[in-house]
Protein chains: 2
Amino acid sequence: MDPRRLLVFREVARAGSLTAAARALGWTQPAVSQHLAALERSVGLPLVLRGPTGTSLTEAGEVLLRRADAVAAELHAAEEELASLAQLRAGRVRLHCFPSAAATLVPEAVRALATSHPGISVGLVEAEPPEALAAVGAGDADLALVFGYDAEPVGLGSLVWRPLLTEPVHLVLPPAGTVSSLDELAGADWIGGCERCRVHLVDCCREAGFEPALRHETDDYVVVQNLVARGLGVTALPESALTAYRHPEVRVLEEPALGHRVVGVAHRPGADQVPATAALLRELVTVVGGG
Amino acid sequence: MDPRRLLVFREVARAGSLTAAARALGWTQPAVSQHLAALERSVGLPLVLRGPTGTSLTEAGEVLLRRADAVAAELHAAEEELASLAQLRAGRVRLHCFPSAAATLVPEAVRALATSHPGISVGLVEAEPPEALAAVGAGDADLALVFGYDAEPVGLGSLVWRPLLTEPVHLVLPPAGTVSSLDELAGADWIGGCERCRVHLVDCCREAGFEPALRHETDDYVVVQNLVARGLGVTALPESALTAYRHPEVRVLEEPALGHRVVGVAHRPGADQVPATAALLRELVTVVGGG
DNA sequence: CGGACCCATAAGCCACACTTGGGTCATGGA
DNA sequence: TCCATGACCCAAGTGTGGCTTATGGGTCCG
């Protein structure tokens, strides 16, 4: 049973005649007649009795009309719901992001979205880049706010990568000292951050000619700076971590050899066409400063 | 939003990929791709995210899928209901018929229908021919069992007329007497039946050269025969009324001058294609004796 | 790096579906 | 009675939507 013909039948029942239904549909009368005849042929029952003064429904027609009304109601409701999503009156966007982004960039963007479009619900999950990317790939999240060192993050798979900002990585040193570059820290005690940061740090040190001795490990940039301030070691931190929190006693040194951290979002292809996702993306771009 | 495309989308969501949906539909992959693209264009939102390993639904897709499932369920239920009607497992037929038909012909036919198709409910209303025809014309009944004298009943309008039987009208006389034809009854007291029977009787008498004196009026053929048996008058009755009930003391005389009564059914054009109506029609034809 | 699996796009072609035109039937007014 | 109106159906012409074939891009896996 062709549902389009069902709706034509419904219009006939509503209008009370084939001609009137045709007018309502913007068609000619034979078009309606043919549709109705085809529908009746397909169900094997007359649905409408044609009289000179108009039409009346058979029992089968009355039964079918109730179903047709239900179908039309579903279609109408579907259009309403989709319009709400399209106009950002409703919707959901799930963002997985790494900890230091959650501290600064993300709250601003989410706040802006909540203000401009209160119907959108934002789901926020703190996750390291590999887990965030996996969640997006599995459909458990819409956006992954992730980073890579001097390159796109690994494990993107078929996801689309959109860089947001590139920031330098700085040396973080105790207040007292005369060190001014990486290669002077071959013998220092090092504090490692998250796994990926650690790997990058080790890579940079090897490039500089030594193997760093990792004494402590924490991915909390506040803890790290406290450790450094007490003279328990040295470390490297990306600029945004130092913007989010800067211990007053640590010494920060620009060191090009530590490279850059690239921060951006990843999403499934086409997901940036989903209004709620696109809206949050726009806000993130705005927060980091323009297009 | 084209509901056929909605069902294509539903199949995509169910199958998990465009290619699999195409297989299920017996189409090629581009056909599904085009339908889905058209649907997404019409709603202005992506519904399905295409990945190399298959597809996943967007939020809009999930919303729409629920509606599509509801639509599909309605369509399926409609087909079930219509199949019940087509196979006479369910249905309704409303018959309006004149009194003496209700006494004999109709009970047999209804009984036969109830036995062979217990799911069919028959609604029976006793009504004089003009009212019965009006009810059918107004859609308040499916069949009108009516009669006319020597012709189709008047007031058929656009209804279809199907004669069932033709029966002679006989003279009904008191047991004692020597009368043997109509023209000998110019001076008799007459008993009139229903309005239409009375009109026919008067016409026949005038044809025979006199104006009948109508002393009594009743449309009950049992009452009529009792009046005649007591010698209170004479009358004319169609054969079936005498078959239904025959007072042992009245004398029945064949009188060609009284003409014939034609009994048949009327229905709206096309109504004989409605299974329940057609079934009762068949039973009526069977009861009166064949095709 | 080639093969297998997704998908999208372009071009071709058929058939469906809508239009046009003509005809029947019943109703209503002059 | 005659015509006008409005209902429907039927038949034939035509345009376009929609399916197919063919091709190419992309990811994942061996």
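Order of the sequence lines sets the chain letters (A, B, ...), proteins ahead of strands, with each chain counted from 1.
Under 3.5 Å, the side chain of A:Gln29 and the base of D:dA7 form no donor-acceptor pair of N or O atoms.
Within the structure, a side-chain polar atom (N or O) of A:Arg5 is placed less than 4.0 Å from OP1 or OP2 of C:dA17. Applying the 4.0 Å criterion to OP1 and OP2 of D:dG18, one finds that B:Arg4 has a side-chain N or O inside that range.
Among the heavy atoms of the strands lying under 4.0 Å from B:Thr28 is at least one base atom, whether or not backbone atoms are also near. A:Pro269 comes within 4.0 angstrom of nothing in the nucleic acid, heavy atoms only. Backbone-only contact: A:Thr55 has heavy atoms under 4.0 Å from sugar-phosphate atoms and none from a base. Looking at heavy-atom distances under 4.0 Å, A:Gly157 makes contact with sugar-phosphate atoms alone, never a base.
At whole-Å resolution of the value, CG in A:Asp2 and C1' in C:dC16 are 11 Å apart. Going from atom CG of B:Leu159 over to atom P of C:dA26 covers 11 Å, rounded to whole Å. Regarding B:Leu18, its CG atom lies at a distance of 20 Å from the P atom of D:dG25, rounded to whole Å. Here C:dA17 presents its C1' atom at 8 Å from CH2 of A:Trp27, a figure rounded to the nearest Å.
A donor-acceptor pair under 3.5 Å links the side-chain atoms of A:Thr58 to the main chain of A:Pro46, judged by distance alone. In this structure a side-chain-to-backbone donor-acceptor pair under 3.5 Å is missing from A:Thr277 to A:Val93. At least one donor-acceptor pair closer than 3.5 Å links the side chain of B:Asp150 to the backbone N or O of B:His260. Side-chain N or O atoms of B:Gln273 include none that pairs as donor or acceptor with a backbone N or O of A:Leu45 at under 3.5 Å. A:Glu11 places no side-chain N or O within donor-acceptor distance of the main-chain N or O of A:Ala21, the cut-off being under 3.5 Å. With hydrogens and angles ignored, the 3.5 Å screen pairs a side-chain donor or acceptor of A:Arg50 with a backbone N or O of A:Val48.
For B:Pro52, whose side chain is taken as the heavy atoms from C-beta onward, the closest listed nucleotide among D:dC28, D:dA22, D:dC9 is D:dC28. Of all nucleotides listed (C:dT27, C:dC7, D:dC10), C:dC7 comes nearest to the side chain of B:Ser17. Each of C:dA10, D:dA7, D:dC28 was ranked by its minimum atom distance to the side chain of A:Arg23; first place goes to D:dA7. Closest contact between the side chain of B:Thr19 and the listed nucleotides C:dC6, C:dT19, C:dA8 involves C:dC6.
The stretch residues 31-49 of chain B touches DNA chain C through B:Ser33, B:Gln34, each having a heavy atom under 4.0 angstrom from the strand.
Within a 6.0 Å radius of CD in B:Glu62, other residues, nucleotides and ligands contribute more than 12 heavy atoms.
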